[in-house]
Amino acid sequence: QVQLVESGGGLVQAGGSLRLSCAASGLTFSTYVKGWFRQAPGKEREFVAAISGNGVYTGYKDFVKGRFTISRDNAENAVYLHMNNLKPEGTAVYYCASRNNFAYSTKPEDYIYWGQGTQVTVSS
């Protein structure tokens, strides 16, 4: 059984930082493509960042470029999202997701496994 468990969310002031973690278990390969997505109240789930299996290639949505960094530790079956200079519009539930293959994608529909999400609230 595949499980993705996020942690690290919370309340932070604008300009602050948080590090989200995602612990994966049950995947056939720890090197599947992983991604972070977020969903704000009343809005659709949207892509934030993704990382290739070996961690060499990363991609970001425009609104987080230069502020967020995605990384992974395949030996620990973990993926991280370092978020700096957070803005109030970044308030959302953040989800970790995994594909079941090695093809890079930014589309939520391409990700098979999802965590339960962790709430990030940025106060102004």
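Side chains are part of it too, since the values below use all heavy atoms of this structure and drop only hydrogens, waters and symmetry mates.
- Within 6.0 Å of atom CD in Gln13, 12 or fewer heavy atoms from other residues, nucleotides or ligands are found, so the atom counts as exposed in its surroundings.
- Geometric assessment of Arg19 against the ring of Tyr80 yields a positive cation-pi assignment under the 6.0 Å and 45° thresholds.
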Determine whether Asn84 and Ser17 satisfy the following criterion, side-chain hydrogen bond (donor to acceptor under 3.5 Å, both in side chains), listing intermediate values before the conclusion.
CA-CA 4 Å; Asn84 295 320; Ser17 299; 2.9 Å; yes
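- A salt bridge between Lys61 and Glu46 is absent, with no side-chain N of the basic residue lying under 4.0 Å from a carboxylate O of the acidic one.
- Remark: side-chain polar atoms of Asn74 are paired, donor with acceptor, to backbone N or O of Gly53 under 3.5 angstrom.
- Remark: side-chain polar atoms of Thr91 are paired, donor with acceptor, to backbone N or O of Val122 under 3.5 angstrom.
- The shortest heavy-atom contact between Tyr104 and Gly59 is OH-CA, 3.1 Å.
- The aromatic rings of Trp114 and Tyr95 stand perpendicular to each other, their planes meeting at an angle above 60°, with 30° marking the opposite boundary.
- A donor-acceptor pair under 3.5 Å is absent between the side-chain atoms of Arg67 and the main chain of Met83, judged by distance alone.
- Taking the six-membered ring for Trp and thresholds of 30 and 60 degrees, Tyr32 and Phe29 have ring planes more than 60 degrees apart, a perpendicular arrangement.
- Between Phe68 and Tyr94, the ring planes are tilted. Angles from 30° to 60° get that label.
- Between the side chain of Glu6 and the backbone N or O of Cys96 there is at least one donor-acceptor pair closer than 3.5 Å.
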